[in-house]
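These values consider heavy atoms only, across backbone and side chains, with no hydrogens, waters or symmetry-generated copies. Note that the coordinates shown come from a computational prediction; the quantities given were computed from them, not determined experimentally. Sequence lines set the chain letters: A, B, ... in the order given, protein chains first and strands last, and positions in each chain run from 1.
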Amino acid sequence: MAVGLVLDPTARREDDIAHAGPDAGSLVGKRVGFRLDRMWRAWDWISELWAEKFREAGAEVVFWRSAGRTGDEGERCEREYQAFIESIDVAVVGLANCGSCTGWTVRDAITAANAGLPTTAIATANFETFAHEIAARGGRSGLRVHVLPYPLNEQLKQDVLPIGEAHFEGVLRTMGASLAAREKAA
Amino acid sequence: MTIELIRPGAHRAAPVLKPLVSRDCGPEGCEIDWLASRRHEAELDIESFGRFAMAQGWGDGLPLVPPTDARVRTFLSSNDRYPDEVVGTLPGNVPCTVEKIVINAVMAGAPAESLELLIAMIASIADPDFELYGVNATTAPVYPAFVVNGPVRHALDIPMSYGCLGGVPGISAAVGRAVRLIMRNVAGQTAGGTSQTTFGSPGRIAGIVTGEWEEKSPWAPLAERRGVAGDAVTSFGTMGTMNVLDTTSHSASDFLEMVGKSYAYVGCNNFSGAVPFGEALIALNPICAEIVGREMPDIEAVQETLWKYASVDARYLNRHHRDQLDGQGRIRSDGRVYAAPEPKDVLVFVAGGLGGLHAACFHTFGTSLSQTKPVASVQSAAHSAAA
């Protein structure tokens with residue numbers, strides 16, 4: 001049996017940021033930005049729920065919704081997103097709940113994290129491993145990913161809101177965030 | 001919200017033919033190692049290498065040709081490219097070099113003469129507007145389909161007649177497979193890993209590489225209409241192929257009505273409320289094209305007719321789907337939802353056997369936009385040098 005050398009057909013980036021990036025810390029007085037998309041109403045409902053809790057704690061909350069990412073529309077979207085992340089202190093990026101939308105969620109999260117923002121991507125359980133894999137391929141294996149149950153978007157609002165409620169403390173932990181003012185009062 | 005129109009990004013406005021390099025020291029004439037890829041020791045018979053490649057995650061399950069130094073260097077030396085030339089950046093911000101293209105082409109069994117076509121194909125799907133990032137990752141079965149224009153069709157014997165979308169013997173399967181291996185090994189697409197494709201597709205083995213039968217077309221070649229005359233390739237992220245049979249129609253408008261209405265099935269991504277816009281690609285057979293061309297010598301009229309019929313009455317959809325499309329502003333004042341934003345977004349080419357009767361529809365994945373890139377040739381390099 002002849003043995004010889006063959007050339008490796010694969011390529012992969014060599015660099016990696018394995019740490020999670022900065023903690024969000026106390027959210028009081030900070031501007032928290034939620035990245036939404038056009039596909040997942042469940043993520044709209046949960047982000048609105050979490051946003052209200054952030055506001056109650058003294059944070060300012062803003063939203064940005066992703067749209068088409070190609071052509072002239074894509075370039076407009078890119079400019080908008082850059083302006084968005086320059087305007088916030090903390091990024092919460094979702095929702096990784098399908099193939100391409102996990103791709104874009106992670107990509108946008110990496111952009112925010114690379115800009116130095118405390119950043120957390122939100123994924124549903126079925127796409128958790130996938131989100132970590134493409135975060136690693138994107139050069140940030142340590143990207144924070146908070147995981148919501150799956151299936152999620154198929155559920156009614158009355159069933160989704162309790163899930164958001166139940167995950168609030170967990171997402172704070174993933175973000176490395178605290179609601180300091182509320183904690184002091186308690 | 002209003003209808004979102006497809007407008008090319010500024011960066012893709014003017015595809016430029018990349019001049020071929022000239023060199024006085026080629027892979028065979030140099031002492032230095034031109035190839036930067038890591039070497040692996042492996043048994044070189046087909047069965048053993050196939051098992052080795054599968055274990056490494058390089059393969060698609062079919063036999064692979066071992067990419068030895070000799071094979072890769074021979075492939076390169078038949079062409080006029082430096083191996084470290086970067087053709088495009090693929091998902092994960094990974095540069096795709098000529099060397100990686102050649103190694104995968106060797107494994108796929110593609111001939112050395114296909115390198116410039118392969119480079120143009122990779123450049124097309126690496127364009128940000130092709131959105132390979134989404135194409136790679138999606139739950140959809142999408143894969144690139146390529147339409148080749150210009151004399152290179154004949155030089156490489158790219159099929160454009162009987163069986164051109166798959167099954168006809170020739171180099172298309174190997175060239176298409178090389179692209180698919182590059183998508184796996186360089187762009188990182190693995191089903192269940194970085195690709196969440198629910199079902200996949202037989203097209204994810206060798207893709208689609210077809211020529212346009214320009215000589216049978218009443219209209220200018222597809223690539224020329226998109227601003228690239230001569231040798232060129234157009235990529236389209238397709239969900240597969242959908243056949244349309246029409247044994248009944250006589251007139252251009254009747255044929256196009258049948259094709260357009262058939263294109264418009266509500267479960268395709270073109271009608272998804274999750275997709276803000278998408279293109280359509282349709283292949284007309286030469287017999288049908290001749291009939292259509294007699295009545296409609298302007299391709300714009302063909303596109304407009306297909307566009308008009310490739311639509312559905314919004315009332316046909318249930319409330320949830322209708323509401324989501326309405327929220328996107330995609331229900332027009334006439335109460336209809338259109339597969340593509342404008343007639344110009346319905347791309348048409350001529351191909352297929354002379355038995356006629358059938359058209360082929362290609363549905364979009366979503367906002368992945370078709371790309372047309374020039375295919376360089378040694379001849380054009382010689383002309384550049386002479387100039």
Derivation of the side chain to side chain contact (heavy atoms under 4.5 Å, CB included) call for B:Glu99 and A:Leu7 | CA-CA 10 Å; B:Glu99 178 173 335; A:Leu7 283 93; 3.9 Å; yes

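Here A:Leu5 contributes atom CG and B:Asp69 contributes atom CG; the two are 7.0 Å apart, rounded to the nearest 0.5 Å. One finds the CD atom of B:Glu131 at 8.5 Å from the CZ atom of A:Arg69 (value rounded to the nearest 0.5 Å). Note that CH2 of A:Trp104 and OG1 of B:Thr138 are 12.5 Å apart. Values are rounded to the nearest 0.5 Å. Atom CD1 in A:Ile134 sits 10.0 Å away from atom CG in B:Asn136 (nearest 0.5 Å). Note that the CG atom of B:Asn93 and the CG atom of A:Asp15 stand 8.0 Å from one another [nearest 0.5 Å]. One finds the OG1 atom of B:Thr190 at 6.5 Å from the CD atom of A:Glu133 (value rounded to the nearest 0.5 Å).
Surrounding NE2 of A:His146 are more than 12 heavy atoms belonging to other residues, nucleotides or ligands, all under 6.0 Å away. Enclosure of atom CD in A:Glu14 is not indicated, since only 12 or fewer non-hydrogen atoms of other residues, nucleotides or ligands lie within 6.0 angstrom. The local environment of CZ in A:Arg55 is crowded, with over 12 non-hydrogen atoms from other residues, nucleotides or ligands closer than 6.0 Å.
The shortest side-chain heavy-atom distance between B:Val94 and A:Arg137 falls under the 4.5 Å cut-off. By the 4.5 Å heavy-atom criterion applied to side chains, B:Met107 and A:Pro9 are counted as neighbours. Side-chain contact between B:Gln196 and A:Thr102 is absent, with no heavy-atom pair separated by less than 4.5 Å. Here the side chains of A:Ser100 and B:Tyr133 are not in contact, with every heavy-atom distance at 4.5 Å or above.
Of the listed residues A:Arg41, A:Met39, A:Arg76, the one with more heavy-atom pairs under 4.5 angstrom with chain B than any other is A:Met39. The most heavy-atom pairs under 4.5 Å with chain A, out of B:Ser272, B:Ala187, B:Gly192, come from B:Ala187. Comparing B:Phe130, B:Phe277, B:Trp58 by how many heavy-atom pairs each has under 4.5 Å with chain A, the most go to B:Trp58.
Using a 4.5 Å cut-off between heavy atoms, B:Thr198 does not touch chain A at all. Contacts between A:Arg13 and chain B at a heavy-atom distance below 4.5 Å involve backbone atoms as well as side-chain atoms. Contact annotation for A:Arg107: both backbone and side-chain heavy atoms come within less than 4.5 Å of a heavy atom of chain B. With a 4.5 Å cut-off on non-hydrogen atoms, B:Gln324 touches chain A through its side chain but not through its backbone. Contact of B:Ala53 with chain A is not made at all, since no heavy-atom distance falls under 4.5 Å. Heavy atoms closer than 4.5 Å to chain A are found in the side chain of B:Val72, but not in its backbone.
Partner A:Asp8 forms a side-chain hydrogen bond (donor to acceptor under 3.5 Å, both in side chains) with one of B:His40, B:Lys100, B:Arg38 and no other, that one being B:His40.
A donor-acceptor contact shorter than 3.5 Å links the side chain of A:Thr70 to the backbone of B:Thr367.
Contact between B:Ala42 and A:Val6 at its shortest, heavy atoms only, is CB-CG2, 4.3 Å. Heavy atoms only, all atoms of each residue included: A:Phe130 and B:Ala137 are closest at CZ-CB, 3.5 Å. For the residue pair B:Pro95 and A:Ala11, the shortest heavy atom distance occurs at O-CB, 4.4 Å.
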